[in-house]
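Notes follow the structure.
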Amino acid sequence: MRVLSASLGQLILEGAQAAQRAGVLSGCTLPEHAHLSHPTRSEWGDYSCALPLQLAKPMQQNPLEIAGQIEKYLPDSVLLGDTSVSAPGFLNIRLNGDWLASQIEVILGLGSAYADLQYGDGKSAQVEFISANPTGPLTVGHGRGGVVGDSVSNLLAAVGYQVTREFYYNNAGQQMRRLGESLRLRYLQALGQSVELAEDHYHGAYLVELGRGLYVEHGESIVDADWEFFKTKAEDAIAGNQRDTMKILGIQMDVFFNEYSLYDDGSVDKVVEVLRDKGFAYERDGALWFAATSLGGRDDRVIVKSGGEPTYRLPDIAYHCNKLQRGFDLVVDVLGADHKDAFPDVIRGVEAMGYDGSGIKMLMNQFVTIKGNRMSKRSGNFVTLDELLEDVGPDVVRFFMLMRAAGSHLDFDLDLAREQSEKNPVYYVQYAHARICRVIEKAQSEGFLGDSGDVDLLCHPAEHLLIRRLLELSDTIDRAVRELEPHHLTAYARDLAGSFHGFYRDCRVVDVDNKALSLARLKLVRAARFGLARTLELLGVDAPKAM
RNA sequence: GCCCCCGUAGCUCAAUGGAUAGAGCACCUGACUUCGGAUCAGGUGGUUGGGAGUUCGAAUCUCUCCGGGGGUGCCA
């Protein structure tokens with residue numbers, strides 16, 4: 001399917017070109033795209049375009065006159081219904097009702113993939129998200145990144161990309177030592193020893209439980225084990241817990257990329273070697289520095305500490321080189337706000353290594369608060385994603401996380417999320433789907449079978465609006481992919497559900513006294529089911545048949 | 001100090017340089033004895049944090065100030 005607003009914009013540009021050729025508009029350069037919007041008043045049609053206003057200056061002509069000429073020279077197209085011009089210079093378009101009705105058959109023919117696009121065909125994309133250290137349960141912040149990353153993955157697949165969902169398993173480095181030490185101390189506490197955790201240890205209750213568990217299992221036999229033993233115990237338990245949580249949230253990773261492998265296969269050493277050879281790395285104060293400033297960065301960065309241990313930046317660069325070596329056309333890093341500043345340095349590192357970093361995009365998501373409370377993992381004061389999921393369920397978590405632009409702070413409204421009523425926007429959308437299923441069942445029970453309906457009978461404004469909305473799923477997918485902003489889907493889901501509810505009120509579907517119209521409307525209802533189910537699928541939210 | 005993100009209705013947030021800035025929640029008033037009322041229709045509610053600038057046109061772009069968050073580690 002094609003993006004409707006883009007097709008209309010193309011027609012308008014063709015009209016402008018034709019008017020230029022006819023000499024009624026001056027021959028200035030036209031923009032590549034004509035932007036369309038939905039007008040606020042229904043008498044202005046389905047779409048309006050401000051192109052004439054933009055052209056007024058370069059053309060040295062009155063915008064209303066420009067709009068009139070473009071209207072006159074619009075090419076013949078089945079898409080176009082009434083057109084009009086309004087002050088101060090808008091060109092308004094109403095879609096052709098017959099064409100709209102005919103699109104129902106197109107949707108039914110294509111099924112739930114009807115709105116998919118093809119511009120990613122033959123390309124591959126990798127989306128890295130969550131990538132939590134195995135040092136504690138997933139937080140609601142990880143949940144946001146997870147839901148955003150998973151939906152972006154769905155969206156990329158919907159435009160044709162072969163998508164790999166990847167979790168960077170960050171299990172080397174100093175944090176893991178702290179984790180091992182923390183668990184060792186918790187175990188010793190379980191033995192009754194009076195030892196205290198240091199400030200930079202992990203204080204969460206989950207390690208207390210793990211420590212007790214180790215005591216129950218091993219007694220005092222591991223009292224002399226070192227931090228690495230405890231690190232492995234903690235890591236295994238926590239990673240398993242994280243995967244369980246992701247499963248509940250409906251996230252299925254394709255690859256768990258292990259940081260250790262970058263050391264094992266020499267990738268990390270290779271980065272050091274190449275950066276040294278190219279003069280992008282130098283020694284100072286016993287440490288190895290990456291000369292980020294020579295590549296436009298603000299500060300040079302340590303990549304190997306004076307003790308010989310790499311900082312996180314070094315394996316990060318190696319990892320991103322590895323992504324490009326695997327041939328991905330598009331790489332998306334879904335990062336929390338705390339990792340945002342490190343991203344440009346990684347890209348500089350990748351480019352210093354000789355790769356083209358332009359295909360690597362960052363999707364930053366701001367932190368999440370619940371009822372206004374900040375959460376911090378090291379202090380142990382946080383609501384886990386597990387707890388949130390148990391409280392309100394995965395559908396509500398996913399939908400709420402996707403209601404906001406990723407870059408906006410998200411204040412999770414627990415009271416609203418717990419509300420199982422009309423107040424909750426998730427149920428508004430799911431209810432529309434359940435209602436659709438019920439109408440279809442009702443129609444079958446009343447003997448409306450088969451697909452003989454004639455869609456030409458559908459000419460009610462509420463029907464037209466619903467069809468238009470269904471077609472706009474392509475626009476929504478296109479925009480969400482272009483901007484890497486999956487939250488457009490939740491807004492669309494509410495609009496589409498609203499259009500269906502409006503249609504349901506105005507247009508009775510199952511009417512034994514009007515079989516022909518009933519059969520036609522039934523087709524529209526089935527098409528609406530594809531649209532709503534697909535939207536919910538892209539969001540990762542269940543589309544229930546009853547609720 | 002410096003860098004980045006955010007600031008929009010009482011609350012939580014939308015809005016691709018375009019028309020009278022939109023939804024949901026809250027509050028108020030209504031709706032088919034028929035397909036699910038978890039719905040629908042209407043109302044109240046705004047100096048888009050303040051100020052200046054660019055533009056025919058600014059929530060959107062620029063500058064400045066204020067407020068919130070993040071970063072500025074040889075932590076990740």
Just wondering, are more than 12 heavy atoms of other shown residues or ligands nearer than 6.0 Å to CZ in A:R482?
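Yes, enclosed.
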Only pairs with both distances under 3.5 Å count, Watson-Crick or wobble alike; so what is the partner of [N] in this structure?
| N | value |
| --- | --- |
| B:G45 | none |
| B:C40 | B:G30 |
| B:G7 | B:C66 |
| B:A23 | B:U12 |
| B:G18 | B:C56 |

Checking A:Q242 side chain against A:G136 main chain: does a donor-acceptor pair fall under 3.5 Å?
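Present.
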Ignoring backbone atoms, establish whether [X] has a side-chain N or O less than 4.0 Å from OP1 or OP2 of [N].
| X | N | answer |
| --- | --- | --- |
| A:R438 | B:G36 | yes |
| A:S408 | B:A14 | yes |
| A:K57 | B:G57 | no |
| A:R479 | B:U16 | yes |

Going by modelled atom types, is there a donor-acceptor pair between the base of [N] and the side chain of [X] at under 3.5 Å?
| X | N | result |
| --- | --- | --- |
| A:Q366 | B:C6 | no |
| A:D506 | B:A41 | no |
| A:T40 | B:A21 | no |
| A:S86 | B:A19 | yes |
| A:R435 | B:U39 | no |

Taking 5.5 Å and 30° as the limits, would you call A:Y428 and the base of B:A38 a stacked pair?
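No.
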Nearest-angstrom distance from the residue atom [atom1] of [X] to [atom2] of [N]:
| X | N | atom1 | atom2 | answer |
| --- | --- | --- | --- | --- |
| A:H487 | B:G24 | NE2 | P | 17 Å |
| A:H409 | B:G70 | NE2 | P | 7 Å |
| A:L179 | B:C75 | CG | P | 17 Å |
| A:H501 | B:A38 | NE2 | C1' | 8 Å |
| A:L53 | B:A19 | CG | C1' | 9 Å |
| A:Y427 | B:A38 | OH | C1' | 10 Å |
| A:D511 | B:U34 | CG | P | 15 Å |
| A:D338 | B:C75 | CG | C1' | 11 Å |

Return whichever of A:A50 or A:R404 has its heavy-atom-nearest nucleotide of RNA chain B closer to the 5' end.
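So the residue in question is A:R404.
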Options [options], nucleotide nearest the side-chain atoms of [X]:
| X | options | value |
| --- | --- | --- |
| A:A405 | B:A14, B:G70, B:A23 | B:A14 |
| A:F367 | B:C74, B:C35, B:G70 | B:G70 |
| A:W44 | B:A19, B:C35, B:C5 | B:A19 |
| A:A434 | B:G36, B:A19, B:C74 | B:G36 |

Does the structure place the NZ or CZ of A:R348 under 6.0 Å from the centre of the six-membered ring of A:F280, at an angle of no more than 45° from the ring's axis?
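The answer is no; the distance or angle limit is not met.
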P atoms of B:C2 and B:U44, separation to the nearest Å
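Each nucleotide's P atom is 46 Å from the other's.
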